[in-house]
Amino acid sequence: MRDGLEQRWTDREVLNISKETKSSMSENTSSLRNFFVYKCLFALTFWNHVSLSVENELLTPVSNSFPEDSSDQKIKSLPLLYTNRHQSKSSFDWVVIQNTTESLSLSEITNDNVKKLVVLLSNFTQGSELQNLTLTNVSVDWSALMDIFQTVWHSSIEYFDISRVTQLSDVKSYDFDYSGTSMKALTVKKIKITDLYFDQNDVYRIFADMNIADMTIAESEMIHMLCPSSVSPFRHLNFLKNELTDFVFQKCDNLIQLETLILQWNKFESLLKVSFMTSRMKSLKYLDMSNNLLRHDGADVQCQWAASLTELDLSSNQLADFVFECLPVNIKKLDLENNQISSVPKGLADLKSLEELNLALNRLADLPGCSGFTSLQFLNIEMNSILTPSTDFFQSCPRVKELQAGHNPFKCSCELQDFIRVERQSGGKLFGWPSAYVCEYPEGLRGTELKDFHLSELACNTALLLVTALLLTLVLVAVVSFLCIYLDVPWYVRMTWQWTQTKRRAWHNHPKEQETVLQFHAFISYSEHDALWVKNELIPNLEKGEGCIQLCQHERNFVPGKSIVENIINCIEKSYRSIFVLSPNFVQSEWCHYELYFAHHKLFSENSNSLILILLEPIPPYVIPARYHKLKALMAKRTYLEWPKERSKHGLFWANLRAAININLPSSDENRCGETD
């Protein structure tokens, strides 16, 4: 054996061993055993300078010697044992991925070289420096795989990572010896068992009874796992991405030291059964059940969790509001992200120890209260359906240090502005402010950051808005009432109503009459106090003089039986002109006001120039009542005739008046000029 080893090292001059190292090796060859052990340790020391990155095959050996100045040059590939330069590439052994005094990574393990690997690993007994072993791309029989595990179990290796394993032959029972191990953690990833017909207990029992603290079996399509045969030292179990169901670890009393259990990406469906699974794990602190198919629709049976459980991850499941009926009472950190929760029912949850709660990516429409979470410090409620968060959240949750509420479809309104105001007063407890808080509604404010959204105090204070509206209404009513009284609006309304009624009756009694025939040159409107002037001056000078003017006077032309208002309207409509004898007495007469109103209405309705104003006596402005605003407007805009006091000017006055009245009436009415006294 010694000669064979010396020959192999002679053939491996490619390793660029320095002269000093060779001499030190020759000085320590006292015995075959010491020489072999020394050779292995020397190889590991040398491997500390080797870092390999190869694909599926080894490169050909390099030249037999290196220049003296290239002692730090790294070798791309290194056949570990029993390989010489005369062998073909296809017969090369495993590929060395990493080699240090503490770590060894090998790839391409097959049945052909598994015995050599076992021989190598068996030399690293407990107390050796090699602590980390990684094997990838392993294709061996089941018995060979168990031999590797068994050898590692009794070596100095503490952390064993094996991935991409393909079992080739039939699975058979293996009597595994767990005694005397340095192992602390085992990681198995992507193991593929080709044998379709075997007793699964032969596989699960090997792993279930391993006496280590940490074990990971991931991405291996494992459908079940047995409970350990005796009290297990497992503290951390990770079964990521398998096919495990609700039947795992049911009624298992031997995992009392287990602290962390990761069952992410499996096929668990019942949250109730999961709680029963943990109830016997007396030391369990962290449980990851994310990315499963968990549901809980409420049940008569109460959930039973491990009293020690403080962290629970239930994210990415199918849980709804009833999940709060089935939660560990002593939980401190709870992750319910990406479920179907629409509200946090009050009274269902009484989690007095809960400090962190993640409700992101659910269907919540508002912030939850803290009635059941009196110790809550961190809340994540991002990406829900919250339009206007409640403003009383910070008051009901005084211990909350950080709130993540961004990326919700916020509706920028008064309620939201109240929330923004409360946030500013809370001292920056909103995580992600301001970039994560953007208006979604209304359309015109979409994309606006909440910090830039402002509304006036009047628009958002309902009480102030009501008081302001009430005051404005009272002021408006007062102004309208004052104007109505000052302008005599009720009087005008009443007169308009009477005029409308008169026109309606006239149309109803004579529907075929489309036009009113003029019968008079002018209608005379005057106060009874000015009747002497009208009878002694106006009528005689107009009717008995030249021009044959026919006047309409209420005393002789009003039709008996008709109302005064109706007679006034009829006389005005049958007269070409309306003469108003103005004086202080006129503006004090109610009926004169009626006549002026109806005449003015005709002026605008027929677009005629029918008004003639005669100022008999000067009228002081303060004497004219407020309702005579039309008279004021007429006197300001229209020319009026003023009765002169000098008799010499009377002729000119009557001439101007006749000229203003000048019109030819139908011949049937002209013969009446001389009949009036």
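Just so you know, these numbers come straight off a predicted model, no measurement behind them.
Side-chain atoms of Asn111 and Asp141 form a donor-acceptor pair, as typed in the model, at a separation below 3.5 Å. Under the 3.5 Å distance criterion, with hydrogens and angles disregarded, a donor-acceptor pair is assigned to the side chains of Arg295 and Gln318. Residues Thr136 and Ser107 bring a donor and an acceptor atom of their side chains to less than 3.5 Å of each other. Asp147 and Tyr174 are linked by a side-chain donor-acceptor pair at a separation below 3.5 angstrom, with hydrogens and angles left out of the test. Side-chain polar atoms of Asn132 and Ser103 form a donor-acceptor pair below 3.5 angstrom. For the 3.5 Å distance criterion, the side chains of Ser315 and Asn338 fail to qualify, holding no donor opposite an acceptor. Looking at Arg205 and Ser229, their side chains do bring a donor and an acceptor atom within 3.5 Å of each other. Defined by atom type and a distance below 3.5 Å, a donor-acceptor pair is present between the side-chain atoms of Asp321 and Ser342.
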- prompt: Step by step, would you call Leu168 with Val140 a side-chain contact (heavy atoms from CB on, under 4.5 Å)?
  reply: CA-CA 6 Å; Leu168 300 178; Val140 295; 5.6 Å; no
- request: Please lay out, stage by stage, how Leu314 and Leu271 fare under the test side-chain contact (heavy atoms from CB on, under 4.5 Å).
  value: CA-CA 9 Å; Leu314 297 175; Leu271 186 62; 3.9 Å; yes
message: side-chain contact (heavy atoms from CB on, under 4.5 Å), that's the test. Do Ile217 and Phe207 meet it? Break it down for me.
response: CA-CA 9 Å; Ile217 302 178; Phe207 295 100; 3.8 Å; yes
- prompt: Yes or no on salt bridge (Lys or Arg N to Asp or Glu O under 4.0 Å) for Arg446 and Glu440, after CA distance, side-chain angles and deciding distance?
  reply: CA-CA 5 Å; Arg446 178 172 295 178; Glu440 183 70 18; 3.6 Å; yes
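Here Phe160 and Phe149 bring their ring centres to under 6.0 angstrom of each other. With ring centers used as reference points, Phe322 lies 6.0 Å or more from Phe324.
For the pairing with Glu337, the side-chain hydrogen bond (donor to acceptor under 3.5 Å, both in side chains) check across Asn362, Asn380, Asn358 returns one residue only, Asn358.
At a threshold of 4.0 Å, the pair Lys241-Glu219 does not count as salt-bridged, since none of the basic side-chain nitrogens sits closer than that to a carboxylate oxygen. Under a 4.0 Å N-O distance rule, the pair Lys429/Glu402 does not qualify as a salt bridge. Salt bridge status for Lys332 with Glu355: absent, with no side-chain N to carboxylate O gap under 4.0 Å.
Aromatic ring orientation, Tyr178 versus Trp153: perpendicular (interplanar angle above 60°, classes split at 30° and 60°).
Judged by the 6.0 Å distance and 45° axis criteria, Lys273 is positioned over the aromatic ring of Phe247.
In terms of the side chain to side chain donor-acceptor pair (under 3.5 Å) criterion, Asp297 has no residue partners (sequence neighbours excluded).
Val152 and Met183 make their closest contact through CG1-SD, 3.9 Å (heavy atoms, listed as atom of the first residue, atom of the second, distance). Closest approach of Phe276 to Val301, counting heavy atoms only: CZ-CG1, 3.6 Å. Nearest heavy atom pair, residue Gln264 against residue Ser290, reads CG-OG, 3.1 Å. In this structure, Arg280 and Ile256 approach most closely via the heavy-atom pair O-CG2, 4.1 Å. Between Asn242 and Met222 the shortest heavy-atom distance is OD1-N, 3.1 Å. In this structure, Leu367 and Phe419 approach most closely via the heavy-atom pair CD1-CE1, 3.9 Å.
Heavy atoms of other residues, nucleotides or ligands lying less than 6.0 angstrom from CZ of Arg421 number more than 12. Around the CD atom of Glu221, the shell of radius 6.0 Å holds no more than 12 heavy atoms that belong to other residues, nucleotides or ligands.
Counting heavy atoms from C-beta outward, Phe234 and Asp214 have side chains that stay 4.5 Å or more apart.
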